[in-house]
Every structure is written in structure tokens, then in C-alpha cells.
Amino acid sequence: DTGVSQDPRHKITKRGQNVTFRCDPISEHNRLYWYRQTLGQGPEFLTYFQNEAQLEKSRLLSDRFSAERPKGSFSTLEIQRTEQGDSAMYLCASIGTSGQETQYFGPGTRLLVL
Amino acid sequence: EDQVTQSPEALRLQEGESSSLNCSYTVSGLRGLFWYRQDPGKGPEFLFTLYSAGEEKEKERLKATLTKKESFLHITAPKPEDSATYLCAVQAVTGGFKTIFGAGTRLFVKA
């Protein structure tokens, strides 16, 4: 257990529905990443937060995806109007003090869109 | 374009049979190269960070090395519990905060 938690761990939804995932990073960590991982592939970068500021977002991310990190604590990732191609594992990782680049990953949220 | 390629895709070893996993990378200035281990259904677990060519790091049966074009993860006398997917990732100096992962090498160690 890395100390990073994600909720829910599993989500099944129907195409067209909206879903929201939550990530709670290690408490003293001020930086946070979201990734998407499909079977047989490595994690794919989605977005990056430093405190509450979203500093980078993948160009591959459609407008249906949005992420927030209010007050620089937990973060949420929302997918609107889900599509079957959104089925994947969504991973969150947190990092502590700048200069220490170790990312601590949560267990992930597995999304299945029917 | 920044890129990471891992080989082989899968590797089957007998217990005690040492081998190496390769990670080739193309980045516009390397900020750092990372190795992670991932077990099925779980998030990646950090192993090593390497910053400059010639650097080496060790942990139990694992040793990571770095050149200007690639990194190797050497596994000495592996045990069945070393079976996992090993992921390589890079951050580029000019890549902002983006971390680019390879597809991983799936290692199977048979007793």
C-alpha cells in the first residue's frame, strides 16, 4: 500500500453516462498525475496538477474529460458521455517535494463501459 | 517525438536464470528515467530513478543501468515472485511534466 487511494475500485456504466473518479494522494504530496492504462500497454499521461493548479493536459484528452483538484488535496476525474473506448484502468499518482520525482501510484479504478 | 520502446514484450525464465530487460528511449534531453514493477490488477510500484548516463542502481536481485540511448534492468537469479510486468518511463527536459511509459515487459519466472 503506497498511501494513495482511489475510489471506486471498479465501475461499470452504460455508454453515454457520466462517471467521476476520486483520488486521495499521500497527504504531504503537492503534485498529482492522472493516467489511463489499457490492457497490454503502459500508463498513458492524462493530466498533471501542482497543488490546485492543472499545469498540463494531454492533447489526446478529449473535451469529455475534466479533472479538478480543489484546495490542492484530493482530485477528481470526470468523463462525460462515456464511450466504449473509455474502458480502461484509470490510475492516479502523487509526488512529494520537487526534486524527488518518484511517483506513488494508487490501485486504480477499472472502468467498463457497456 | 519523445518515445519509449521496451523489449522483449514477454520473457520466460527458469528460477535462477539471469537475464536483462531493455528500454530504448528517444527524448529531447533526459530529465529522468524510471523503472516500475506492476502486478496484475494493481498500480505500478516504483523501483528506480536514473538521471545520467553511467548511473547504476541496485535493489535485491535487480540492477538498473543507463546509457544515452537505453536502460537495462538486470535480474540476477530470479525467483517466481519476481514475475510481473516491468515498466520503463521517461521525463524529458523539454517535455513539461509529462511522463512517457513504455508498453512493458511481462516477466514469467518458473520454479
Side-chain angles (χ1 to χ4, degrees), chain A residues 1-7 9-10 21 23-26 29-51 53-61 67 88-96 98-110 112, chain B residues 1-10 21-25 27 30-52 55 57 59 64 66 71 73 84-107:
Chain A
D1 184 1
T2 62
V4 179
S5 61
Q6 293 187 243
D7 184 69
R9 295 292 309 278
H10 303 273
F21 308 141
C23 170
D24 286 273
I26 295 170
H29 284 187
N30 66 333
R31 295 183 289 155
L32 186 147
Y33 283 84
W34 281 100
Y35 294 91
R36 175 173 62 191
Q37 186 176 27
T38 54
L39 199 61
Q41 298 299 313
E44 176 188 14
F45 170 80
L46 293 179
T47 191
Y48 169 80
F49 287 87
Q50 184 165 315
N51 299 312
Q54 186 175 23
L55 298 185
E56 191 159 355
K57 184 176 177 181
S58 170
R59 289 175 300 204
L60 300 175
L61 214 59
M89 174 80 90
Y90 290 83
L91 293 161
C92 167
S94 72
I95 312 177
S98 180
Q100 299 294 325
E101 297 303 317
T102 301
Q103 297 186 34
Y104 295 89
F105 282 83
T109 294
R110 184 168 294 282
L112 177 61
Chain B
E1 181 181 344
D2 299 333
Q3 193 168 321
V4 177
T5 303
Q6 291 189 247
S7 62
E9 290 184 8
L21 282 54
N22 177 263
C23 171
S24 297
Y25 63 91
V27 292
L30 181 69
R31 176 185 291 161
L33 184 142
F34 311 90
W35 282 98
Y36 288 86
R37 168 191 171 129
Q38 187 173 29
D39 293 302
K42 297 187 176 181
E45 174 188 349
F46 171 77
L47 294 174
F48 303 109
T49 305
L50 301 167
Y51 293 104
S52 57
E55 191 174 358
K57 289 193 177 173
K59 178 181 178 181
L66 181 65
S71 177
L73 185 66
T85 295
Y86 290 85
L87 296 164
C88 173
V90 299
Q91 285 186 341
V93 170
T94 56
F97 302 98
K98 185 176 181 178
T99 305
I100 302 168
F101 278 82
T105 293
R106 287 176 289 286
L107 175 66

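Residue numbers start from 1 in every chain, and the chains themselves are labelled A, B, ... in the order their sequence lines are given, proteins ahead of strands. Note that the structure is a prediction, hence the values are computed from the model and not measured.
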Side chain, backbone, both or neither of Thr49(B) within contact of chain A (heavy atoms, under 4.5 Å): side chain
By a 4.5 Å heavy-atom criterion (distance strictly below it), what part of Pro107(A) contacts chain B: side chain, backbone, both, or neither? backbone
Is Glu9(B) close to chain A through its backbone or its side chain, or both, or neither, when contacts mean heavy atoms under 4.5 Å? neither
Part of Tyr104(A) lying under 4.5 Å from any heavy atom of chain B: neither
What is the ring orientation for Phe97(B) with Tyr48(A), classed by angle as parallel under 30°, tilted 30 to 60°, or perpendicular over 60°? parallel
What part of Arg106(B) is in contact with chain A, defined as an atom under 4.5 angstrom from a non-hydrogen atom: side chain, backbone, both or neither? side chain
In Å and rounded to the nearest 0.5 Å, what is the OG1 to CD distance from Thr85(B) to Gln41(A)? 11.0 Å
Going from OH on Tyr36(B) to CZ on Phe105(A), what distance comes out if it is rounded to the nearest 0.5 angstrom? 5.0 Å
So what's closer than 4.5 Å to chain B heavy atoms on Gln103(A): side chain, backbone, both or neither? both
Considering only distance and modelled atom types, tabulate donor-acceptor pairs under 3.5 Å from the side chains of residues 38-48 of chain B, sequence neighbours left out.
residue: Gln38(B); atom: OE1; partner: Gln37(A); partner atom: NE2; Å: 2.9
residue: Gln38(B); atom: NE2; partner: Gln37(A); partner atom: OE1; Å: 2.9
residue: Gln38(B); atom: NE2; partner: Lys42(B); partner atom: O; Å: 2.7
residue: Asp39(B); atom: OD1; partner: Arg37(B); partner atom: NE; Å: 3.4
residue: Asp39(B); atom: OD1; partner: Arg37(B); partner atom: NH2; Å: 3.1
residue: Asp39(B); atom: OD2; partner: Arg37(B); partner atom: NE; Å: 3.4

